[in-house]
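Contents: one structure, followed by commentary.
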2 protein chains.
Amino acid sequence: MAETDWTDRHVARWRSHWVDIHFDDEVEALVTRIGRLQRFLKSTVQTAVAEVGIQDFEYETLHSLMIRDTPGTASPTDLAEDLGVSGAGMTGRLDGLEKAGWVQRTHSPDDRRRVVVEITREGADIWRRAMALRGAQEEELASVLNDRERVQLNRLLKKLTLWTETR
Amino acid sequence: MAETDWTDRHVARWRSHWVDIHFDDEVEALVTRIGRLQRFLKSTVQTAVAEVGIQDFEYETLHSLMIRDTPGTASPTDLAEDLGVSGAGMTGRLDGLEKAGWVQRTHSPDDRRRVVVEITREGADIWRRAMALRGAQEEELASVLNDRERVQLNRLLKKLTLWTETR
DNA sequence: CCAGATTACTTCGCTAGCGAATTATTCGTC
DNA sequence: GACGAATAATTCGCTAGCGAAGTAATCTGG
């Protein structure tokens, strides 16, 4: 691979200017590339889901609601944990989603502290349309890799995620 | 690999509930794992650099200042582009860094529209200490992979980043 | 040489999200 | 069965960051 990416140049600059400081090229490159890929993915999701009139964090919240053992329904706390936002942040998101008519909140009858969030018909519809667009973007990116490479990449990434989840 | 990570369970839930919708398991897994790894990395950087009394975005800005062809000096626009923040956001970051005494801004003498950002002695010191802590965290994560796997993972990630940077 | 376009940065108004405090409900124990 | 601890969500005050508008300096073409 003769071509260099941003990360190669970043690491090379480091090497030439700061040789005295301990620094593992491969580790820095890994971390940098993951960060830059995530930035790219976020921006493509943003523009993709904007086409159906929804924002990335709204899409993500609806997505989290649908992709669970009880599809379309969850507690605010569950959603907050899965999405890595605070409870306060989730209240804010749900306020917006509820006002837009994409979810509705009701108090659980057997424990009135609990809130049950449910997706509405309109919420499910817009989520499906946003997901199709987002999926197309991601497949375009993934098409750079062949099937074997995708599996291989997932295998290596999973080694890392497993460690982060169990430590 | 018998153990499942969060992403495996996420994809499996999808499979069992929404089989009718087009959906590539490997692609969804890739995107999900990259997102979750970035989330993890962000949180470890946050706690690591907090030990020297600095925030992640401050550390990143100093880091970007140091890792360039002209170490320790740059324009706000260059920094904003490298870091993926808006010009307005960079002005805000530099306000904070300048107030803390970690950078200083001067007008370029030959083009007075331009601002030259320079790191101070204190800025460079705190960056070095933050970097050591951050690096230790990242190496701990990377130690899950052996040398061959790190190279392999970087090779696959680079295929993706190259595409995102040139399309 | 000067009027309009361009460039570089900052200011302004606004939004998403955070942590801490608050409210409301349920659990646990004596 | 009542009182304190624990739990679930929301409210509050605040911060980082965005896009658009504004300011100031430089370039460019007639």
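So you know, we letter chains A, B, ... as the sequences are listed, proteins then strands, and number each from 1. This structure is a prediction, so every number in the text was calculated from the model and none was measured.
One finds a salt bridge joining Arg105(A) and Asp95(A) here, because a Lys/Arg side-chain nitrogen approaches an Asp/Glu carboxylate oxygen to under 4.0 Å.
Taking atom CG of residue Leu79(B) and atom C1' of nucleotide dG17(D), one finds them 16 Å apart after rounding to whole Å. Atom CG of Asp56(A) is separated from atom P of dA16(C) by 10 Å (rounded to the nearest Å). Atom pair Arg93(A):CZ and dT11(D):P shows a separation of 18 Å (rounding to whole Å applied). One can place CD of Glu81(B) at 13 Å from P of dT7(C), the figure rounded to the nearest angstrom. The separation between Glu58(B) atom CD and dT15(D) atom P is 13 Å, rounded to whole Å. Per the geometry, CG belonging to Leu94(B) stands 10 Å off P belonging to dC9(C), to the nearest Å. Between the NZ atom of Lys42(B) and the P atom of dG17(C) there is a distance of 11 Å, given to the nearest Å. The separation between His107(A) atom NE2 and dA24(C) atom C1' is 9 Å, rounded to whole Å.
Within the 4.0 angstrom heavy-atom criterion, base atoms lie near Gly87(A). Residue Gln46(A) is classed as having no contact, given no heavy-atom separation below 4.0 Å to the nucleic acid.
With the nearest nucleotide of DNA chain C identified for both Pro76(B) and Phe57(A), Pro76(B) has the one nearer the 5' end. Of the residues near DNA chain D, Asp95(A) and Asp111(A), the one whose nearest nucleotide (by heavy atom distance) lies more toward the 5' end is Asp111(A).
A donor-acceptor contact closer than 3.5 angstrom links the side chains of Arg93(B) and Thr61(B). Side-chain atoms of Ser108(A) and Asp111(A) include no donor-acceptor pair closer than 3.5 Å.
At dC9(C), none of the side-chain N or O atoms of Arg112(B) fall inside 4.0 Å of OP1 or OP2 (strictly under the cut-off). Side-chain nitrogen and oxygen atoms of Arg114(B) include none within less than 4.0 Å of the OP1 or OP2 phosphate oxygen of dC9(C). Gln55(A) has no side-chain polar atom (N or O) that falls below the 4.0 Å cut-off from OP1 or OP2 of dT15(C).
Of the listed nucleotides (dT10(D), dG19(C), dA8(C)), dA8(C) has the atom at the smallest distance from the side chain of Thr77(B).
Between His63(A) and Trp14(B), the ring planes lie tilted relative to each other; the angle falls in the 30° to 60° range.
If you chain together hydrophobic residues whose side chains sit under 4.5 Å apart, Val52(B) and Leu62(B) fall into the same group.
A donor and an acceptor atom sit less than 3.5 Å apart, one in the side chain of Arg113(B) and one in the base of dT7(C).
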